[in-house]
Amino acid sequence: MPHRGKRNADEVLLLALACGATAEQAALQAGLSARTVQRRQADPAFQRRLQGARDDIVKRATGLVTAATLEAVQTLRGLQHPSVPASVRLGAARAVLELSMKMRESADLAARIEALEAQLRRCG
């Protein structure tokens with residue numbers, strides 16, 4: 001992909017690297033030399049921008065997974081309908097129980113960590 005100017009090249013480079021391209025692949029996509037990519041990657045400001053781009057990708061993916069969670073739960077509930085074969089209902093019930101226990105455990109751990117962090121702030 002050709003680029004127009006350093007700013008656009010950096011944006012293409014950031015996106016390519018954030019999406020998992022190698023330095024060589026990202027250089028080709030951004031129309032930069034491998035050495036220029038190495039220099040950019042060594043720059044702390046570029047590293048922060050790259051980490052920010054990666055964080056944004058993770059946040060977006062997390063949002064998509066969260067949105068799909070409700071549909072998945074509804075699917076499991078649908079599989080518990082009396083018209084569904086007993087073996088399928090049993091599997092759905094086990095999945096619901098496992099997931100609910102994991103979610104409860106995760107919420108409990110988050111609350112405990114939050115309490116510990118609050119305690120540390122008061123002591124520090």
Side-chain angles (χ1 to χ4, degrees):
M1 171 187 290
H3 69 279
R4 294 185 185 173
K6 179 184 173 193
R7 180 176 169 88
N8 190 47
D10 272 359
E11 295 305 315
V12 172
L13 179 61
L14 281 167
L15 182 59
L17 292 171
C19 290
T22 65
E24 293 79 18
Q25 293 166 335
L28 283 173
Q29 290 179 35
L32 299 171
S33 70
R35 179 67 188 124
T36 298
V37 172
Q38 289 175 349
R39 280 196 308 274
R40 297 273 205 292
Q41 287 180 309
D43 177 25
F46 185 86
Q47 290 173 3
R48 286 189 297 276
R49 289 179 63 206
L50 178 57
Q51 188 58 51
R54 287 178 174 150
D55 291 347
D56 186 51
I57 289 170
V58 169
K59 286 177 187 175
R60 289 176 188 216
T62 301
L64 290 172
V65 169
T66 300
T69 300
L70 180 57
E71 188 175 331
V73 170
Q74 289 171 338
T75 298
L76 286 172
R77 289 188 65 201
L79 292 173
Q80 293 176 322
H81 191 270
S83 65
V84 174
S87 61
V88 174
R89 289 195 325 265
L90 176 61
R94 284 183 176 152
V96 167
L97 290 172
E98 280 181 28
L99 291 172
S100 66
M101 289 189 316
K102 286 180 183 180
M103 289 176 72
R104 183 179 306 263
E105 181 179 282
S106 180
D108 288 348
L109 286 173
R112 291 173 66 191
I113 289 170
E114 189 175 313
L116 287 170
E117 288 174 342
Q119 185 177 6
L120 282 172
R121 282 191 298 271
R122 286 191 300 269
C123 294

### Message
Is any side-chain heavy atom of Arg104 closer than 4.5 Å to one of Ser100?
### Response
no

### Query
Is there side-chain contact between Val96 and Gln80, with heavy atoms separated by less than 4.5 Å?
yes

To the nearest 0.5 angstrom, please state how far the [atom1] atom of [X] sits from the [atom2] atom of [Y].
{"X": "Asp55", "Y": "Thr62", "atom1": "CG", "atom2": "OG1", "answer": "10.5 Å"}
{"X": "Arg89", "Y": "Ser83", "atom1": "CZ", "atom2": "OG", "answer": "8.5 Å"}
{"X": "Leu79", "Y": "Leu90", "atom1": "CG", "atom2": "CG", "answer": "12.0 Å"}
{"X": "Gln41", "Y": "Thr36", "atom1": "CD", "atom2": "OG1", "answer": "11.0 Å"}
{"X": "Glu114", "Y": "Leu109", "atom1": "CD", "atom2": "CG", "answer": "12.5 Å"}

### Message
Please check: side-chain N/O of Ser106 versus main-chain N/O of Lys102, any donor-acceptor pairing under 3.5 Å?
### Response
no

### Task
For Gln25 and Thr22, indicate whether the former's side chain and the latter's backbone hold a donor-acceptor pair under 3.5 Å.
yes

At their closest point, which heavy atom of [X] faces which heavy atom of [Y], and how far apart are they?
{"X": "Leu50", "Y": "Ala18", "result": "CD1-N, 3.6 Å"}
{"X": "Gly78", "Y": "Val84", "result": "O-CG2, 3.7 Å"}
{"X": "Ala26", "Y": "Ala21", "result": "N-CB, 4.1 Å"}
{"X": "Ala9", "Y": "Ala30", "result": "O-CB, 3.6 Å"}

### Query
Passes side-chain contact (heavy atoms from CB on, under 4.5 Å), Leu120 versus Cys123? Steps please.
CA-CA 5 Å; Leu120 282 172; Cys123 294; 5.6 Å; no

### Task
Could you verify whether a donor N or O on one side chain and an acceptor N or O on the other, from Thr69 and Thr66, lie under 3.5 Å apart?
no

### Message
We want to know whether Asp43 and Gln47 form a side-chain donor-acceptor pair, criterion being a heavy-atom distance below 3.5 angstrom.
### Response
no

### Message
Is there a continuous path of hydrophobic side-chain contacts, each under 4.5 Å between heavy atoms, that joins Phe46 to Leu32?
### Response
yes

### Task
Take Arg40 and Leu13 through the test side-chain contact (heavy atoms from CB on, under 4.5 Å) and record every step on the way to the result.
CA-CA 9 Å; Arg40 297 273 205 292; Leu13 179 61; 3.9 Å; yes

### Summary
salt bridge (charged side-chain N to carboxylate O under 4.0 Å, His left out) test vs Asp56 passes for just one of Arg60, Lys59, Arg54, namely Arg60

### Task
Inspect the contact between Arg112 and Asp108 and indicate whether a charged nitrogen and a carboxylate oxygen are less than 4.0 angstrom apart.
no

### Task
Give a yes or no on whether a salt bridge exists between Glu11 and Arg49, defined as a side-chain N under 4.0 angstrom from a carboxylate O.
yes

### Task
Could you go through the side-chain contact (heavy atoms from CB on, under 4.5 Å) check for Val73 and Leu99 one step at a time?
CA-CA 10 Å; Val73 170; Leu99 291 172; 5.9 Å; no

### Query
So does Arg94 have more than 12 non-hydrogen atoms from other groups sitting under 6.0 Å from CZ?
no

